[in-house]
Protein chains: 2
Amino acid sequence: MSTAAPAGYDPHAFEPFAVTVDLAVFTVRGGRLHVLLVERGEDPYKGHWALPGGFVLPRESAESAARRELAEETGLTEDTAGALHLEQLRTYSDPDRDPRMRVVSVAYAALVPDLPEPRGGGDAAGARWWDAGALGPLAFDHDRILADAHDRIGAKLEYSCLATAFCPPEFTLGELQQVYETVWGVELDRPNFRRKVLTTPGFVQAVEGSPRRTGGRGKPAALYRAGAATALHPPLLRPEGRST
Amino acid sequence: MSTAAPAGYDPHAFEPFAVTVDLAVFTVRGGRLHVLLVERGEDPYKGHWALPGGFVLPRESAESAARRELAEETGLTEDTAGALHLEQLRTYSDPDRDPRMRVVSVAYAALVPDLPEPRGGGDAAGARWWDAGALGPLAFDHDRILADAHDRIGAKLEYSCLATAFCPPEFTLGELQQVYETVWGVELDRPNFRRKVLTTPGFVQAVEGSPRRTGGRGKPAALYRAGAATALHPPLLRPEGRST
DNA sequence: CACCTTTATAGTCAGAGTGACTATTAAGGA
DNA sequence: TCCTTAATAGTCACTCTGACTATAAAGGTG
């Protein structure tokens, strides 16, 4: 911002950059981490799967663009999508990441509870959830973006209350534990997990009236809602190594 | 990346975005956190101080641009600057953040040991280190970027070995402790800090021959170098609350 | 219906890590 | 020589965690 623009800020005098957003939208389905992908209908990478995303419009911020795309691709209303957790990951700016032109992309990660299969509407040829553990190569540098997103989400679960974003409004501690186990790919000790969650003020709060979820196999579990806290002190560390 | 470009990817057909980098370059001087700022020589914000930065060139990545600007502003060679720790913070894309045109900026944070005052070379009217705790309002949204950078650095000290990046090649544990105290703005217990650092494998390693730094006021301190580890397990948590 | 399986919940116990200390050592300065 | 300063060594209690065992309450099966 300190140097003069090439050719003194004439907006059309230099080779322009396109700015896009890419979204890594995660959910937990049946104990597996899933990610929303769209099938590319045109070259390059025609027929490949890619992260949803699109161009940032002239009068919107990258985050607004991300929320708009998220609403379009998931079929949620913009109001609902506006309430979702959306986290800016990082920006990818390799000069050759798109063979057509110079595209700088701001990547976001979103966490959603289990949603219905997306309608194939919009401009994408098709959109569906994929098991994040069994993916073929994606278009562009989206493998890298997806890996970065997974790392970030995993790290964030350690020191934030973000895991509740994967859960429906009311959930059991077993469901919350499964979020951690699914994202981290490990098994956790149930009593210890329970103790940690319940002794962290504001992580979860019991639903009034102490209802229980019946119909399962074992003893009915108590229901909880997300609490007011956002950070976890001390953190809930993964059994082994780290990321980032 | 899934939607068609406006006007089918004709690079000049839509209003272009400029892409810049902004750098928050931190150092510790005399027990205070300092940040490198440049004085703006032209409107808007003429006479205000701003983060160093500049345009991303057509054939370079944002990170390359950041390293190039860092070398220019600090007077270091590109080789030296290439070895410095540079961390992508986030991207700022508010449509009105620059009154002249649409500028999307990728912000980076850099940590350097105490350096000489920068020469006023390059295109900036002037460049100098400022005490990060006593700053007037900066140009553009740079106050916000600087605050985000400070938060990120503080959080990273907790779970990484990054603090050694603020230190010269050989340093005492007291100097390392002062990095933590300066960035966090707290005082730490010396024996406890020492115990934590020394029992974390790979955080620091004693300089061979066990030399000591004499000339100070008290007992000479042993010298250490940065170790091979990059992550801190378990983390070195701040006395009180959190960030991010 | 008795019994097994499954899941939730309660509780115990030892070890690691940390915060708050006190004590000792080794330099410079008055 | 004594005082001040800073580094280093060590203690102790408390918290948190990992690894357990035990009990409760549902569904399923013969």
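Proteins come first, then strands; the chains are lettered A, B, ... in the order of their sequence lines, and each starts at number 1.
Side-chain rings of A/Tyr180 and A/Phe193 approach one another, their centers coming within less than 6.0 Å.
Taking 4.0 angstrom as the limit, A/Arg217 places none of its side-chain polar atoms (N or O) nearer than this to OP1 or OP2 of D/dG28. In terms of phosphate contacts, A/Arg212 brings a side-chain nitrogen or oxygen within less than 4.0 Å of OP1 or OP2 of C/dT9. Dashed line: the shortest gap from a side-chain N or O of B/Lys196 to OP1 or OP2 of C/dT18 is under 4.0 Å.
Within the 4.5 Å cutoff, side-chain heavy atoms of A/Val186 are placed close to those of A/Leu188.
Distance CZ (A/Arg213) to C1' (C/dT6): 17 Å, rounded to an integer number of Å. Atoms CG (A/Asp189) and C1' (C/dC13) sit 14 Å apart, rounded to a whole Å. Spacing between atom CG of A/Leu188 and atom C1' of D/dT17 amounts to 13 Å, rounded to whole angstrom units.
If you check D/dT8, C/dT18, C/dT9 against the side chain of B/Ala221, the one that comes closest is D/dT8.
Both A/Pro220 and A/Asn192 lie near DNA chain D, and the one whose nearest nucleotide falls closer to the 5' end is A/Asn192. Comparing A/Pro235 and B/Ala222 by the nucleotide of DNA chain D whose heavy atom lies nearest to each, the residue mapping closer to the 5' end is B/Ala222.
Of all non-hydrogen atoms in A/Leu86 and A/Ala110, the two that sit nearest each other are CD1-CB, 3.6 Å.
Residue-to-nucleotide contacts include a donor-acceptor pair under 3.5 Å from the side chain of B/Arg195 to the base of C/dG19.
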